[in-house]
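Okay, structure first, notes after.
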Amino acid sequence: MLDQHLLRSNLEEVRQALAKRRFQLDVSTLEQLEVRRKKLQIETQDLQAERNSRSKTIGKEKAVGNDIQPLLDEVANLGDQLKLNEQALEQVQAELDVILQAVPNMPHASVPVGKSEQDNVEVRRWGTAREMDFTAVDHVDLGEALGLLDFETATTIASARFVIMKAGIARLHRALIQFMLDTHTQEHGYTEVNVPYLVNADSLFGTGQLPKFAEDQFHIEKQGLYLIPTAEVPVTNMARDKIIPAEQLPVKYVCHTPCFRSEAGSYGKDTRGMIRQHQFEKVELVQLVQPGKSYEALEQLTGHAEAILQKLELPYRVVALCTGDMGFSAAKTYDLEVWLPGQGKYREISSCSNFESFQARRLKARWRNPETGKPELLHTLNGSGLAVGRTLIAVMENYQTKDGKIRVPGLLQAYLGGLTIIG
RNA sequence: GGAGGGAUGGCAGAGCGGUUGAAUGCACUGGUCUUGAAAACCAGCAAUGGGGAAACCUGUUCGAGAGUUCGAAUCUCUCUCCCUCCGCCA
């Protein structure tokens with residue numbers, strides 16, 4: 001949610017910033033509603049003040065034993081009038097809220113302007129693809145040939161977009177999680193947390209998945225809970241309605257969870273393999289920082305995610321998303337794209353974003369600024385560090401051998417009891 | 001699932017239908033004292049919104065929502081969450 005003061009005072013500026021991300025702000029409707037809001041609010045407040053002072057007088061008169069009936073007669077109509085005003089005001093504010101909740105974050109000045117994925121800007125590249133004296137296959141062919149990936153059975157158990165991993169692959173998958181958590185806690189200063197995988201609607205609203213993206217969520221109606229689409233939701237919501245002391249900042253959490261996505265809008269997209277699943281695992285990095293430090297933190301957090309790829313010696317590139325390709329809540333996003341020899345291209349494996357105060361405003365996630373002594377909104381950030389399923393794919397495809405096996409990256413061998421090859 | 005108890009400021013914890021946004025304690029901030037610190041003492045200290053150039057005026061909030069009333073933290077109803085005991089259970 002954007003700052004309402006900013007909207008009122010710099011509506012045109014906000015409109016232009018949002019236009020860069022191809023969002024059309026309905027300026028005239030907003031202006032009209034704002035005029036009505038202001039008028040109604042002033043009137044309502046005046047009536048409330050009137051009621052309050054009259055009631056106080058009645059109390060005093062009654063206390064000294066005077067006849068209060070004349071006073072009661074005077075205020076007879078006040079209540080009805082007040083109620084009408086309050087209802088009208090509530091109505092206008094509800095209309096404003098509906099509009100405002102659907103407004104995305106404003107892109108940071110440093111974000112490249114563009115329409116789509118095509119306009120994203122490559123920031124840097126790391127590593128080079130291994131030379132292979134054979135034709136690389138993708139993880140599906142590789143995994144199915146080894147009998148260690150089973151999409152068909154998963155489909156009969158659940159539906160499309162699920163997978164069963166077995167033996168060496170399942171173990172490699174688990175090792176990756178362990179490796180990522182260890183790296184982030186021991187080398188990057190994150191605190192490991194384990195959180196609920198089911199959350200309520202307030203939590204999804206807080207991080208921006210609701211109300212606009214209800215279709216993307218798995219919803220358990222009976223209990224009114226949702227399966228988390230990412231650990232970002234429960235972890236960032238740990239700060240909801242809290243005022244965090246300045247000395248505890250920055251808060252840095254790392255969290256491994258499964259993630260559940262309905263993929264409602266992606267029928268026919270990435271239907272092959274493990275790239276896009278209804279259920280996948282992710283190690284997520286979340287930071288809560290002072291407003292002045294969030295861009296510095298974004299660079300660091302992105303570096304923390306990159307470190308995993310570097311340790312696994314997986315070639316990747318860092319891409320700054322353009323205004324048209326960024327997510328709803330983000331002010332700036334870097335994607336990490338890993339090289340997949342089976343597809344012959346770079347594919348997203350991490351997305352690192354600074355949300356500035358956009359989520360914090362919805363969450364009421366604040367810190368106490370020692371300079372003012374007042375609570376102020378935090379800045380929130382998160383990034384995948386990394387998406388485990390896609391990392392597994394990357395390891396499989398980059399470390400495949402001519403005879404269809406998978407070498408285990410050096411640093412991972414310790415997590416697999418010294419195993420050097422799978423298959 | 002059955003029975004009971006509860007939800008108040010950063011925390012703990014009082015609260016009569018009427019100058020209660022809310023006693024008190026802790027924490028925090030400033031001051032006195034001290035070589036310094038502690039202790040003691042004094043003072044301050046909820047959040048959030050609207051109007052206004054400002055001074056300042058004013059609204060809302062005691063788990064959430066509805067109701068009674070001139071007036072609700074206080075009374076009524078509904079819901080949510082938490083706790084205790086019993087049952088079931090990884």
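All of these numbers come straight from a predicted model, not from anything done at the bench. Atoms considered below: every heavy atom in the structure, side chains included; atoms not considered: hydrogens, waters and symmetry mates. Numbered from 1 within each chain, the chains take letters A, B, ... in sequence-line order.
Of the P atoms belonging to B:rA7 and B:rC75, the separation is 11 Å, rounded to the nearest Å. Nucleotides B:rG4 and B:rC70 place their P atoms 35 Å apart, quoted to the nearest Å. Here, B:rG50 and B:rA66 have their C1' atoms 26 Å apart, quoted to the whole Å. The separation of B:rU68 from B:rU76, taken at their C1' atoms, amounts to 7 Å, rounded to a whole angstrom. Nucleotides B:rG6 and B:rC28 have their P atoms positioned 33 Å apart, rounded to a whole Å. Using atom C1' as the reference point in both B:rC83 and B:rG65, the two lie 23 Å apart (nearest Å). Rounded to the nearest Å, the gap between the P atom of B:rG59 and that of B:rA73 is 14 Å. Comparing B:rG25 with B:rC79, their P atoms are spaced 40 Å from each other, to the whole Å.
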A:Leu412 and A:Phe179: CA distance, side-chain angles, deciding distance, side chain to side chain contact (heavy atoms under 4.5 Å, CB included) verdict: CA-CA 7 Å; A:Leu412 234 40; A:Phe179 167 68; 3.7 Å; yes
Verdict with supporting geometry, A:Phe260 and A:Tyr226, ring-ring contact (aromatic ring centres under 6.0 Å, His included): CA-CA 9 Å; A:Phe260 304 91; A:Tyr226 297 79; over 10 Å; no
Criterion ring-ring contact (aromatic ring centres under 6.0 Å, His included) on A:Tyr190 and A:Tyr253, from CA distance to verdict: CA-CA 5 Å; A:Tyr190 288 79; A:Tyr253 289 127; 9.1 Å; no
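Using a 4.0 Å heavy-atom distance criterion, A:Lys62 is classed as a base contact. Residue contacts for A:Pro375: at a heavy-atom cut-off of 4.0 Å it reaches the sugar-phosphate backbone alone, with no base atom in range. Across all strands shown, A:Asn52 has heavy atoms under 4.0 Å from sugar-phosphate atoms exclusively, and none from any base.
The aromatic ring centres of A:Phe358 and A:His379 sit 6.0 Å or more apart.
Two residues are said to be in side-chain contact when any heavy atoms from C-beta on lie closer than 4.5 Å; A:Asn369 and A:Lys374 fail this criterion. A:Arg174 places none of its side-chain heavy atoms less than 4.5 Å from the side chain of A:Gln178. The shortest distance between side-chain heavy atoms of A:Arg362 and A:Arg240 does not fall below 4.5 Å.
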Dot-bracket encoding of pairs in RNA chain B, which uses [ ] for pseudoknotted crossings and | for another strand, Watson-Crick or G-U under 3.5 angstrom: ((((((((.[[[..)..(.....]]].(((((.......))))).((((((....)))))).[[[[[..)....]]]]])))))))....
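Extent of RNA chain B lying under 4.0 Å from chain A heavy atoms, first and last nucleotide in 5' to 3' order, is B:rG18 to B:rG71.
Counting all heavy atoms, side chain and backbone alike, A:Asp335 lies closest to A:Ser351 at OD1-OG, 2.8 Å.
For the side-chain hydrogen bond (donor to acceptor under 3.5 Å, both in side chains) criterion with A:Gln359, the lone passing option out of A:Thr236, A:Asn382, A:Thr380 is A:Thr380.
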